[in-house]
Asker: 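First the structure, then my questions, so here it is.
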Amino acid sequence: MGLRIHFVVDPHEGHIPGILIIIFYGIAIFCLVALVRASITDPGRLPENPKIPHGEREFWELCNKCNLMRPKRSHHCSRCGHCVRRMDHHCPWINNCVGEDNHWLFLQLCFYTELLTSYALMFSFCHYYYFLPLKKRNLDLFVVRHELAIMRLAAFMGITMLVGITGLFYTQLIGIITDTTSIEKMSNCCEEISRPRKPWQQTFSEVFGTRWKILWFIPFRQRQPLRVPYHFANHV
């Protein structure tokens, strides 16, 4: 028990170990990079005159909104005004669509936001219980009272955010495992019987553009689409 307390907060020194602070800033940098890149990366917009390979014409269809040809699993975004390949949804938090080319960055954003929030909550609870004796000894001190109030408010907001981002991250993971986008779930256009079964490693590899699992957590790299059988990638 003593080792666990010393790892989080050193009661003799009165501060959090430096290694935990470094890890916190590292997670924050990864989260910020994923946020910026998910916001500015092209989600997979289709050009006005796409070049359709001759052997894949049967997997394309005509969009009834922009009257342009698109792969069958594409969707027309009413906010952006164009079709996006394998569009999952339009996210107001990144002011961009989540599609084939930036879905992996959006997943990293959810993951690192959840991790960062959990880390911040851990710091808040540690400081709260560390400063709790000050409240008993200096009940009338203005600074102590308001410092504790801010910590409680921050903890409440952090828990609320953690619950929300956990639900979003969970639905995203289930969607990848089942190879179904959020739009397809809402429209009920994709029945499990009509799509070939794929292992979860394959679906995640297609989203992240690599089979190296360690690279799934790196937001600094460039994504390269995997070459998969076209009926797997576009069959509905």
Asker: Looking at C31 and T113, what are the two nearest heavy atoms and their distance?
Answerer: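 Closest approach of C31 to T113: SG-OG1, 3.4 Å.
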Asker: On a heavy-atom basis, which atom in C97 and which in N102 lie closest, and how many Å separate them?
Answerer: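 In this case the closest contact between C97 and N102 is O-ND2, 2.8 Å.
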Asker: Taking the side chain as C-beta and beyond, is there a heavy-atom pair between V33 and Y112 under 4.5 Å?
Answerer: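 With C-beta onward as the side chain, the pair stays apart.
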Asker: Search all heavy atoms of F208 against all heavy atoms of W216 and return the closest pair with its distance.
Answerer: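 For F208 versus W216, the nearest heavy atoms are CE2-O, 3.2 Å.
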Asker: Taking all non-hydrogen atoms of both residues, which atom of L168 and which atom of C110 are closest, and how far apart?
Answerer: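 In terms of heavy atoms, the two residues are closest at CD2-SG, 3.9 Å.
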Asker: Listed by chain and number, what are the ring pair (Phe, Tyr, Trp, His ring centres under 6.0 Å) partners of W200, not counting sequence neighbours?
Answerer: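 So W200 forms a ring pair (Phe, Tyr, Trp, His ring centres under 6.0 Å) with F204.
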Asker: Between D88 (side chain) and S182 (backbone), is there a donor-acceptor pair under 3.5 Å?
Answerer: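 Yes, because the side chain of D88 sits within donor-acceptor range (under 3.5 Å) of the backbone of S182.
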Asker: Tell me whether S74 contacts the main-chain N or O of C83 through its side chain, where contact means a donor paired with an acceptor under 3.5 Å.
Answerer: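 No; zero donor-acceptor contacts below 3.5 Å.
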Asker: Angle class for the F111/F169 ring planes (parallel below 30°, perpendicular above 60°, tilted otherwise)?
Answerer: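 Rings of F111 and F169: tilted, 30 to 60°.
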Asker: Using the side chain to side chain contact (heavy atoms under 4.5 Å, CB included) criterion, which residues pair with M157? Sequence neighbours excluded.
Answerer: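 Partners of M157 by the side chain to side chain contact (heavy atoms under 4.5 Å, CB included) criterion, ordered by chain and then number, come out as L153.
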Asker: Tell me yes or no: between the side chains of D179 and Q202, is some donor less than 3.5 Å from an acceptor?
Answerer: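 There is no such pair between these side chains.
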Asker: Please say yes or no: joined through hydrophobic side-chain contacts below 4.5 Å, possibly via intermediate residues, are W93 and I40 part of one cluster?
Answerer: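 No, it is not one cluster - the side chains of W93 and I40 are not joined through contacts under 4.5 Å.
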Asker: Considering residues, nucleotides and ligands other than Q201, do more than 12 of their heavy atoms fall under 6.0 Å from its CD?
Answerer: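 Buried by this count: over 12 neighbours within 6.0 Å.
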Asker: Hydrophobic clustering (ILVMFWY, side-chain heavy atoms < 4.5 Å, transitive) - are L116 and F123 grouped together?
Answerer: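 Hydrophobic grouping puts F123 with L116.
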Asker: With sequence neighbours left out, write down each residue that passes ring pair (Phe, Tyr, Trp, His ring centres under 6.0 Å) with H89, or none if nothing qualifies.
Answerer: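 With neighbours one apart ignored, the set is F106.
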Asker: Which of these passes salt bridge (charged side-chain N to carboxylate O under 4.0 Å, His left out) with E206: R86, R211, K198?
Answerer: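 The option that passes is K198.
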Asker: Which value, rounded to the nearest 0.5 Å, describes the distance between Y25 atom OH and I29 atom CD1?
Answerer: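 Answer for the OH-CD1 pair, Y25 versus I29, is 10.0 Å.
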Asker: Tell me who clusters with I174, hydrophobic residues only, linked when side chains sit under 4.5 Å apart either directly or through other members.
Answerer: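 Y170, listed by chain and number.
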Asker: List the atom of P71, the atom of L46, and the distance in Å for their closest heavy-atom pair.
Answerer: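 Scanning both residues completely, I find the closest heavy atoms to be CD-CD1, 3.6 Å.
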Asker: Give a yes or no on whether the backbone of P92 and the side-chain of N95 come within a donor-acceptor separation of less than 3.5 Å.
Answerer: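 No, the answer is negative, given that no donor and acceptor are paired below the 3.5 Å cut-off.
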Asker: Among the clusters formed by ILVMFWY side chains lying less than 4.5 Å apart, do M122 and I19 turn up in the same one?
Answerer: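 Linked, M122 and I19 end up in one cluster.
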Asker: Output the distance between atom SG (C77) and atom CZ (R45), rounded to the nearest 0.5 Å.
Answerer: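 Atom-to-atom, C77:SG and R45:CZ are 9.0 Å apart.
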Asker: Contact between V98 and H90 at the side-chain level, heavy atoms closer than 4.5 Å - yes or no?
Answerer: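 No, every pair of side-chain atoms sits at 4.5 Å or beyond.
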Asker: Hey, does the side chain of N64 reach the backbone of N67 with a donor-acceptor pair shorter than 3.5 angstrom?
Answerer: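 No.
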Asker: Hey, does S118 have a side-chain heavy atom less than 4.5 Å from the side chain of L121?
Answerer: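 No. Closest side-chain heavy atoms not under 4.5 Å.
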Asker: For residues 61-85, which residue pairs qualify under ring pair (Phe, Tyr, Trp, His ring centres under 6.0 Å), counting only residues two or more places apart or in two chains?
Answerer: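 Every candidate ring pair (Phe, Tyr, Trp, His ring centres under 6.0 Å) pair involving residues 61-85 fails, so no pair, neighbours aside, qualifies.
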Asker: So T210 and S205, side chain to side chain contact (heavy atoms under 4.5 Å, CB included) or not? Walk me through it.
Answerer: CA-CA 5 Å; T210 178; S205 297; over 6 Å; no
Asker: What about I159 and F156, same hydrophobic cluster or not, with Ile/Leu/Val/Met/Phe/Trp/Tyr joined at side-chain heavy-atom distances under 4.5 Å?
Answerer: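 No.
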Asker: Using only atom types and a distance under 3.5 Å, with no angle test, would you say the side chain of Q108 pairs donor to acceptor with the backbone of I218?
Answerer: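 Yes, because the side chain of Q108 sits within donor-acceptor range (under 3.5 Å) of the backbone of I218.
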Asker: Has T117 got a side-chain atom pairing as donor or acceptor with L115's backbone, closer than 3.5 angstrom?
Answerer: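 Such a contact is absent between T117 side chain and L115 backbone.
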Asker: Could you pull out the closest heavy-atom pair between K185 and T180, with the gap in Å?
Answerer: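 Residues K185 and T180, closest heavy atoms: CG-CG2, 3.6 Å.
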Asker: Side-chain contact, heavy-atom cut-off 4.5 Å: W104 with R37?
Answerer: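 Answer yes - side chains close enough.
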Asker: Tell me the salt bridge (Lys or Arg N to Asp or Glu O under 4.0 Å) pairs involving residues 101-126, sequence neighbours left out?
Answerer: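 Listed once each, the pairs are R85-D101, D101-R223.
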Asker: I'd like to know whether the aromatic ring centres of F217 and F30 sit less than 6.0 Å apart in this structure.
Answerer: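 Centroid separation for F217 and F30: 6.0 Å or greater.
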Asker: Roughly how far, to the nearest 0.5 Å, is CG of L62 from CE of M69?
Answerer: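 Going from the CE atom of M69 to the CG atom of L62 covers 6.0 Å.
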Asker: Quiz question: by atom type and distance under 3.5 Å, do the side chains of N96 and S39 form a donor-acceptor pair?
Answerer: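 Per modelled atom types, N96 and S39 side chains form no pair under 3.5 Å.
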Asker: To the nearest 0.5 Å, how far apart are NE2 in H103 and CG in L105?
Answerer: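 Reported value, rounded in 0.5 Å steps: 10.5 Å.
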Asker: What about I27 and F220, same hydrophobic cluster or not, with Ile/Leu/Val/Met/Phe/Trp/Tyr joined at side-chain heavy-atom distances under 4.5 Å?
Answerer: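 Hydrophobic grouping puts I27 with F220.
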